[in-house]
Amino acid sequence: MAIKNAIVVAVTACLMAGGTWAGSERRPAQDKQEEAKGTKSQTTATTVQSAGEDPAYRIGPQDILKIDVWKEEQLTRTVPVRPDGKITLPLLNDVQAVGLTPMELAGVISDQLKKYINGPQVTVSVTEINSRRVYVNGEVTKSGAYALLPHMTVLQALSSSGGFTQFARVKNIYVLRTESGKQIKIPFNYKEAISGKNAAQNIELQPGDVIVVP
């Protein structure tokens with residue numbers, strides 16, 4: 001009887017150890033998956049942040065701005081840039097924003113607020129860039145308009161469009177660009193670009209560029 005009880009205890013211990021080992025094996029895999037998701041989210045956030053924090057960026061129509069006035073919660077707010085290039089703020093009413101950098105606009109707002117507040121400290125940040133866009137049309141999974149991030153290339157824009165359809169002629173892609181009132185056509189061979197050949201064709205995009213995938 002004692003031997004039988006000992007065998008039962010031993011088997012139970014083995015099963016418990018096996019379950020613990022299996023759980024420990026699953027956890028690293030789950031941790032890796034969560035880490036990968038976290039890294040992906042962090043990368044996306046970093047990309048958006050770098051686009052909005054570019055000190056040389058010029059504010060455009062339909063951009064979304066965060067106006068922070070230190071110790072003045074009633075004046076701190078998020079506002080859209082209207083099609084006429086202006087934003088509306090308490091006390092100041094309409095303020096011209098288009099064409100200015102965030103730092104320049106902060107200076108303008110600060111100067112105008114001096115009439116009402118002693119030593120105003122203003123910070124302007126771009127939370128959404130809607131004025132600078134490129135377009136991807138044709139045989140792609142997700143055609144449409146995309147925010148033009150700093151130094152975005154043709155390959156980067158295509159990667160945002162979700163890939164090609166089975167009918168895409170990836171060797172015959174082209175970029176339509178308007179220069180001096182005239183439309184020009186810039187060829188782009190996807191096969192060559194991803195293989196490292198003719199790297200010069202992977203040009204940096206400009207606002208309004210249209211990538212066509214025939």
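In this text, all values refer to a predicted model and were calculated from it rather than measured experimentally. Numbering of residues begins at 1 and proceeds along the displayed sequence.
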Find the distance between OG1 (T178) and CD (Q183) and round it off to the nearest 0.5 Å.
5.0 Å
Grab the two heavy atoms, one from I87 and one from R82, that are nearest each other, plus how far apart they are.
C-NH1, 4.2 Å
Taking OH in Y190 as the centre, count heavy atoms belonging to other residues, nucleotides or ligands within less than 6.0 Å. Is the count above 12?
no
Ignoring hydrogens, what is the shortest heavy-atom contact between R177 and Q206? Give both atom names and the distance.
NH1-NE2, 3.4 Å
Check: E139 main-chain N/O paired with S143 side-chain donor or acceptor under 3.5 Å
no
Is the side chain of N202 donor-acceptor paired with the backbone N or O of A193 at a distance under 3.5 Å, no angle test?
no
Non-hydrogen side-chain atoms of M152 and Y146 separated by less than 4.5 Å:
no
Establish whether Y116 and V124 are linked, either directly or via other cluster members, by ILVMFWY side-chain heavy-atom contacts under 4.5 Å.
yes
Check each of L149, V210, I211, D209 against V134 using the side chain to side chain contact (heavy atoms under 4.5 Å, CB included) test, and report the only one that passes.
D209
Kindly give the heavy-atom pair with the smallest separation between L105 and A97, and that separation in Å.
CD2-CB, 3.9 Å
Examine I64 and V69 and state if one hydrophobic cluster contains both, with Ile, Leu, Val, Met, Phe, Trp and Tyr joined whenever side-chain heavy atoms are less than 4.5 Å apart.
no
Verify, without hydrogens or angle tests, whether T141 (side chain) and G163 (backbone) share a donor-acceptor contact under 3.5 angstrom.
yes
Is L148 reachable from L155 through a run of hydrophobic residues whose side-chain heavy atoms are each under 4.5 Å from the next?
yes
The reported gap from CD1 in I194 to NZ in K197 (rounded to nearest 0.5 angstrom) is 11.0 Å
Side chain to side chain, I67 and V122, heavy atoms closer than 4.5 Å
yes
Donor-acceptor pair, side chain of N130 and main chain of Q62, under 3.5 angstrom:
yes
In short, L65 meets T127 closest at the heavy-atom pair N-OG1, 4.3 Å
Let me confirm one number: the CD1-NZ distance from I117 to K115, rounded to the nearest 0.5 Å.
12.5 Å
Kindly indicate, with the supporting measurements, whether the criterion side-chain hydrogen bond (donor to acceptor under 3.5 Å, both in side chains) is fulfilled by S131 and R58.
CA-CA 10 Å; S131 59; R58 297 283 172 179; over 6 Å; no
Any side-chain heavy atom of V212 within less than 4.5 Å of one from Y135?
no
Just so I know, are the side chains of L113 and L75 near enough to count as touching, which here means a heavy-atom distance under 4.5 Å?
yes
Can you tell me how far CG of D63 sits from CD of E128, rounded to the nearest 0.5 angstrom?
9.0 Å
Linking I/L/V/M/F/W/Y whenever their side-chain heavy atoms sit closer than 4.5 Å, directly or via other members, would M103 and V81 fall into one cluster?
no
Can you get from I203 to Y174 by hopping between Ile, Leu, Val, Met, Phe, Trp and Tyr side chains that sit under 4.5 Å apart?
no
Heavy-atom pair of closest approach, residues V140 and F164
CG1-CD2, 4.0 Å
Closest approach of Q74 and P90, non-hydrogen atoms and distance?
O-CG, 4.0 Å
Is any side-chain heavy atom of L158 closer than 4.5 Å to a side-chain heavy atom of F188?
yes
For the side chain of Q201 and the backbone of N189, is there at least one donor-acceptor N/O pair under 3.5 Å apart?
yes
Side-chain donor or acceptor of T78 paired with backbone N/O of K66 under 3.5 Å
no
Backbone of T88 reached by a side-chain donor or acceptor of D94 within 3.5 Å
no
Would the number of heavy atoms belonging to other residues, nucleotides or ligands and lying under 6.0 Å from CD of E73 be above 12?
no
Return yes if some donor-acceptor pair links the side-chain N/O of S110 with the main-chain N/O of Q121 below 3.5 Å, else return no.
no
Donor-acceptor pair, distance only, cut-off 3.5 Å: does the side chain of S195 make one with the backbone of K191?
yes
Please step through salt bridge (Lys or Arg N to Asp or Glu O under 4.0 Å) for the pair D84 and K86, ending with a clear verdict.
CA-CA 6 Å; D84 63 359; K86 297 179 180 180; 5.4 Å; no
